[in-house]
There are 2 protein chains.
Amino acid sequence: MSHLGYPRLMPFDRDHVLRTAAALLTRKSTATMDEVAKAAGISRATLHRHFAGRDALVRALEALGIAECEGALERARLDEGPATEGVRRLVREIEPAAGLLAFLYSENQLFEGDGQNAGWERIDARVTALFRRGQDAGEFRIDLSPAWLTEALYGLLAAGAWSVLDGKVARNDFTFMIAELLLGGALRREES
Amino acid sequence: MSHLGYPRLMPFDRDHVLRTAAALLTRKSTATMDEVAKAAGISRATLHRHFAGRDALVRALEALGIAECEGALERARLDEGPATEGVRRLVREIEPAAGLLAFLYSENQLFEGDGQNAGWERIDARVTALFRRGQDAGEFRIDLSPAWLTEALYGLLAAGAWSVLDGKVARNDFTFMIAELLLGGALRREES
DNA sequence: CCGCTGTGAGACATTCATGTCTCATCTGGG
DNA sequence: CCCAGATGAGACATGAATGTCTCACAGCGG
């Protein structure tokens with residue numbers, strides 16, 4: 001597996017580099033530019049040719065995360081049908097990006113003070129609106145604010161992603177666990 | 001507020017330093033030793049006299065977090081009464097340490113590979129046992145594993161702590177929000 | 001065949017946090 | 001009063017990551 005015999009010159013694949021970096025930084029948020037480059041199979045020089053520095057790389061990852069989120073929001077069609085099903089679709093669609101989001105979730109603590117990226121605000125607004133719609137429709141309880149439900153969703157996504165990475169839970173259970181806990185909670189229902 | 005007129009020599013207060021460091025690192029996880037020292041009102045030299053380095057400081061914070069957790073576990077008396085009330089008591093008791101735990105929660109991603117501190121394993125075991133007891137008693141649903149409920153609790157505690165820091169939710173709602181979401185979920189109940 | 005473009009490898013300077021050290025000063029006890 | 005202990009301030013060396021640069025070479029098109 002180490003070398004395939006062709007240490008040839010690879011053309012630069014921006015998307016591949018970003019996704020590899022996301023996967024690495026999710027596991028090791030302090031990885032150096034050199035480690036990122038090696039993980040992506042390119043040289044540090046090339047990495048630096050395309051991303052001015054670590055900040056630029058993280059910002060590109062943030063943009064990727066925002067794009068993935070907005071794609072998931074579109075595919076989940078949050079405006080259609082019951083809000084409950086919208087939440088389930090959202091969790092399902094966002095699952096592939098959960099690792100990247102978990103990294104950004106812990107990294108974004110640094111962005112306080114300089115006004116966070118407008119992209120996150122738009123995403124927040126759409127998710128919050130979903131929970132508010134569910135409350136107005138009588139599906140969701142009204143004693144938990146939409147803002148908190150949104151933050152709780154993020155926290156559960158990150159917890160789920162890390163739990164999968166640590167092998168504490170099975171990847172196949174990811175969507176079910178998060179959606180079920182967020183929607184129904186831990187308490188057993190009295191079945192009708 | 002800047003100077004009280006007495007820039008005198010302060011005796012070293014280990015607990016005060018640790019708690020100040022925890023508060024700072026919760027907001028800015030990359031704070032330098034110099035920033036930690038200034039925040040605690042001591043010189044970098046003194047800080048380094050008592051903590052061999054950043055690793056030692058983080059480890060001391062980890063030990064503090066473990067101690068706070070175990071204290072909360074004791075006070076919550078998880079073995080008494082319904083597991084549901086045990087969860088509520090645990091969240092209430094652990095609230096003062098939530099910021100520190102949120103920091104350690106994101107920092108502990110680094111500890112992978114070298115075998116994490118045995119203290120966390122003990123805490124994990126006690127919390128997991130609480131959820132399992134609730135399942136056995138018929139209080140909690142059985143299609144969500146105790147391990148996931150434990151991880152979800154950590155994730156919600158971190159999300160709650162960061163939300164309070166960001167001013168997105170009120171500090172007074174912390175315990176209620178976390179316990180209610182974890183136990184009951186977002187769905188509205190059919191009241192009897 | 002030749003030249004252009006982009007890459008890999010590595011050298012190099014710079015920056016920054018860290019860790020160690022010295023020295024002056026303050027505090028408290030004998 | 002004087003000495004021991006501990007702190008604050010700052011200088012200094014170290015190491016790591018970063019950012020910049022050069023050079024050789026592979027691919028690709030004319």
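What you see is a predicted model; the values in this text were computed from it and never measured. Side chains are part of it too, since the values below use all heavy atoms of this structure and drop only hydrogens, waters and symmetry mates. Chain naming here is simple, since letters A, B, ... match the order of the sequence lines and numbering starts at 1 in each.
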Look at the side chain of [X] and decide which nucleotide, out of [options], has an atom nearest to it.
{"X": "A:F12", "options": "D:dG8, C:dT7, D:dG19", "value": "C:dT7"}
{"X": "A:A45", "options": "C:dT18, D:dA9, D:dC21", "value": "D:dC21"}
{"X": "A:R49", "options": "D:dT20, D:dT22, D:dT7", "value": "D:dT22"}
{"X": "B:R44", "options": "C:dT7, C:dG19, D:dT7", "value": "C:dG19"}

State whether [X] places a side-chain N or O below 4.0 Å from either non-bridging phosphate oxygen (OP1 or OP2) of [N].
{"X": "B:S43", "N": "D:dT7", "answer": "no"}
{"X": "A:H50", "N": "C:dG6", "answer": "no"}
{"X": "B:T32", "N": "C:dA17", "answer": "no"}

Could you tell me the separation between the [atom1] atom of [X] and the [atom2] atom of [N], rounded to a whole number of Å?
{"X": "B:L47", "N": "D:dG10", "atom1": "CG", "atom2": "P", "answer": "17 Å"}
{"X": "B:E35", "N": "C:dC16", "atom1": "CD", "atom2": "P", "answer": "13 Å"}
{"X": "B:L57", "N": "C:dT18", "atom1": "CG", "atom2": "C1'", "answer": "13 Å"}
{"X": "B:M33", "N": "D:dA16", "atom1": "CE", "atom2": "C1'", "answer": "17 Å"}
{"X": "A:R14", "N": "C:dT7", "atom1": "CZ", "atom2": "P", "answer": "13 Å"}
{"X": "B:H48", "N": "D:dT14", "atom1": "NE2", "atom2": "P", "answer": "16 Å"}

Do [Y] and [X] meet the salt-bridge criterion of a basic N to acidic O distance under 4.0 Å?
{"X": "B:R92", "Y": "B:E85", "value": "no"}
{"X": "A:R126", "Y": "A:E74", "value": "yes"}
{"X": "B:E139", "Y": "A:R188", "value": "no"}

Would you classify B:R54 as touching base, sugar-phosphate or nothing, given that sugar-phosphate means primed atoms plus P, OP1 and OP2, and contacts are heavy atoms under 4.0 Å?
-> sugar-phosphate
What about the rings of B:W162 and A:Y105, do their centers lie closer together than 6.0 Å?
->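 Centroid distance B:W162-A:Y105: below 6.0 Å, so yes.
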